[in-house]
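To start, the structure itself, in structure tokens.
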Amino acid sequence: MEIKRADFVISLPAYRDFPGIGLPQIAVVGKSNVGKSSLINCVTRRSKLARTSSTPGKTRLINIFLLNESFHLVDLPGYGFAKVDKQEKLRWGKMMQDYFTTSRELQHVFCLVDIRHEPTQDDIQMNQFLRQMNIPFTVIATKCDKISRGARQKQLAPICRALLVQPWQIICFSSEDSTGRDKVLETLESVLTVPEEDTGIQTEETEGSGSDPGGTISSDAE
Ligand SMILES: Nc1nc2c(ncn2[C@@H]2O[C@H](COP(=O)(O)OP(=O)(O)OP(=O)(O)O)[C@@H](O)[C@H]2O)c(=O)[nH]1
Ligand SMILES: [Mg+2]
């Protein structure tokens, strides 16, 4: 997939304020400062689309971006930011709960963890929550430019153990040098491509090709 266009849509304090126009959504979650907003900028090749900061807790609202005029990328506020008070934590929890339980358009979640650190209790909780809700996700290990290529595989082991995934399912990513960008784009493409039989829409071709009901499988299907 190529990102031809990326636009900021809206910042929301609560998800239910978003009118939603039925477009599929991909959400980005992870600890504060892990690189969520930077990933969005790297993927869209727009360095200032999502606001980033070296100070954790930059993104406090739900920020929604429209990509290729066809799907929404949702930048969620980070968790585990030590400096926020109890009230702010409760507000965050409610915001996330609202989002995950209300969004009908959510198709997939990118779960970001820093490749240099073991996942935290918050990361594990988020992972369990997504599994319970049956929400498909991909783990992305960020800031991989900070360690050598050789050390990366070793760093993935504790992440795999904590989040119950296999090393090959994790995308090693860097928004500094764009490592893993292609894989993120491939993942976007695959999760946004709804198999034709699931759409419930009969195209002219399938209607007219009664003798070949299985003839619509695309050549690049895996
Ligand atoms: N070296 C390196 N630094 C990164 C990378 N991704 C993000 N950073 C830096 O990490 C800091 C935090 O990045 P953000 O993208 O703002 O993090 P965030 O997850 O959106 O943070 P919150 O909005 O606070 O939840 C910034 O200083 C970024 O420049 C990366 O892949 N490599
Ligand atoms: Mg952010």
Side-chain angles (χ1 to χ4, degrees), residues 3 6-15 25-67 72-85 88-100 109-127 129-130 137-153 155-156 159 163 170-185 187:
I3 304 297
D7 302 286
F8 168 73
V9 179
I10 197 166
S11 274
L12 300 168
Y15 183 69
Q25 291 177 8
I26 316 292
V28 185
V29 302
K31 200 172 174 252
S32 225
N33 212 42
V34 71
K36 299 177 293 298
S37 304
S38 301
L39 176 137
I40 290 176
N41 292 343
C42 174
V43 165
T44 57
R45 294 218 192 280
R46 293 265 307 274
S47 63
K48 293 196 171 73
L49 186 66
R51 280 194 209 141
T52 64
S53 167
S54 54
T55 316
K58 180 70 192 170
T59 312
R60 298 278 176 115
L61 301 168
I62 296 172
N63 288 306
I64 302 184
F65 303 90
L66 177 64
L67 271 61
H72 286 124
L73 205 52
V74 182
D75 188 10
L76 292 164
Y79 48 73
F81 173 34
K83 278 192 187 153
V84 300
D85 59 25
E88 180 72 16
K89 274 190 189 157
L90 284 173
R91 195 185 72 85
W92 179 88
K94 173 131 188 24
M95 189 195 279
M96 298 295 266
Q97 178 97 18
D98 281 353
Y99 175 69
F100 285 109
V109 177
F110 287 148
C111 298
L112 273 52
V113 288
D114 188 319
I115 194 162
R116 298 166 300 170
H117 308 302
E118 268 196 41
T120 61
Q121 271 311 311
D122 289 324
D123 291 320
I124 294 170
Q125 262 183 25
M126 174 55 78
N127 185 267
F129 175 75
L130 294 175
F137 62 86
T138 298
V139 176
I140 299 183
T142 64
K143 308 197 184 183
C144 73
D145 57 283
K146 299 239 188 196
I147 56 170
S148 71
R149 250 168 217 280
R152 285 178 198 168
Q153 283 306 311
Q155 288 299 118
L156 295 185
I159 299 175
L163 305 183
I170 300 181
I171 300 177
C172 286
F173 185 83
S174 163
S175 54
E176 282 288 303
D177 61 18
S178 293
T179 299
R181 182 177 179 272
D182 288 351
K183 285 197 175 158
V184 171
L185 291 174
T187 308

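In each ligand, atom 1 is the first atom listed, and ligand 1 is the first ligand listed.
Distances between N or O atoms of Ser175 and those of ligand 1 include at least one value under 3.5 Å. Of the polar atoms of Phe173, none of the N or O atoms is found under 3.5 Å from an N or O of ligand 1, judged by distance alone. The shortest N or O to N or O distance between Cys144 and ligand 1 is not under 3.5 Å. The distance criterion of under 3.5 Å between nitrogen or oxygen atoms is not met by Arg51 with respect to ligand 1. Distances between N or O atoms of Ser37 and those of ligand 1 include at least one value under 3.5 Å.
By the 4.0 Å heavy-atom criterion, Thr142 is excluded from the residues contacting ligand 1. Ligand 1 has Ser174 within reach: a non-hydrogen atom of the residue lies less than 4.0 Å from it.
For the pair Ser178 and Arg45, the tightest heavy-atom approach, listed with the atom from each and the gap, is OG-NH1, 3.7 Å. When all heavy atoms are compared, the tightest approach of Phe65 to Ala50 is CZ-CB, 3.7 Å.
Remark: the Asp177 side chain and the Thr179 side chain contain an N/O donor-acceptor pair separated by less than 3.5 Å. Side-chain atoms of Asn41 and Ser47 include no donor-acceptor pair closer than 3.5 Å.
The Ser32 neighbourhood of ligand 1 comprises atoms 22 (P), 24 (O), 25 (O), with distances under 4.0 Å to a heavy atom of that residue. Residue Gly78 approaches ligand 1 through these ligand atoms, each under 4.0 Å from one of its heavy atoms: 25 (O). Taking a cut-off of under 4.0 Å to the non-hydrogen atoms of Asp145, the atoms of ligand 1 that pass are 1 (N), 2 (C), 30 (C), 31 (O), 32 (N). Within the listing of ligand 1, atoms 6 (N), 7 (C), 13 (O), 14 (P), 15 (O), 28 (C) sit less than 4.0 angstrom from a heavy atom of Ser38.
His72 NE2 to Ile26 CD1: the interatomic distance, rounded to the nearest 0.5 Å, is 11.5 Å. Atoms OG1 and CG, on Thr187 and Asp182 in that order, are 10.5 Å from each other to the nearest 0.5 Å. Phe173 CZ to Thr138 OG1: the interatomic distance, rounded to the nearest 0.5 Å, is 13.0 Å. Expressed to the nearest 0.5 Å, how far NZ of Lys36 lies from OG1 of Thr52 amounts to 11.5 Å. Interatomic distance, Cys111 SG to Phe129 CZ, rounded to the nearest 0.5 Å: 11.0 Å.
In summary, Ser37 places an N/O/S atom under 2.8 Å from the Mg ion (ligand 2), meeting the contact criterion.
Residue-level proximity to ligand 1 for Asn33 is carried by backbone and side chain together, each with a heavy atom below 4.0 angstrom.
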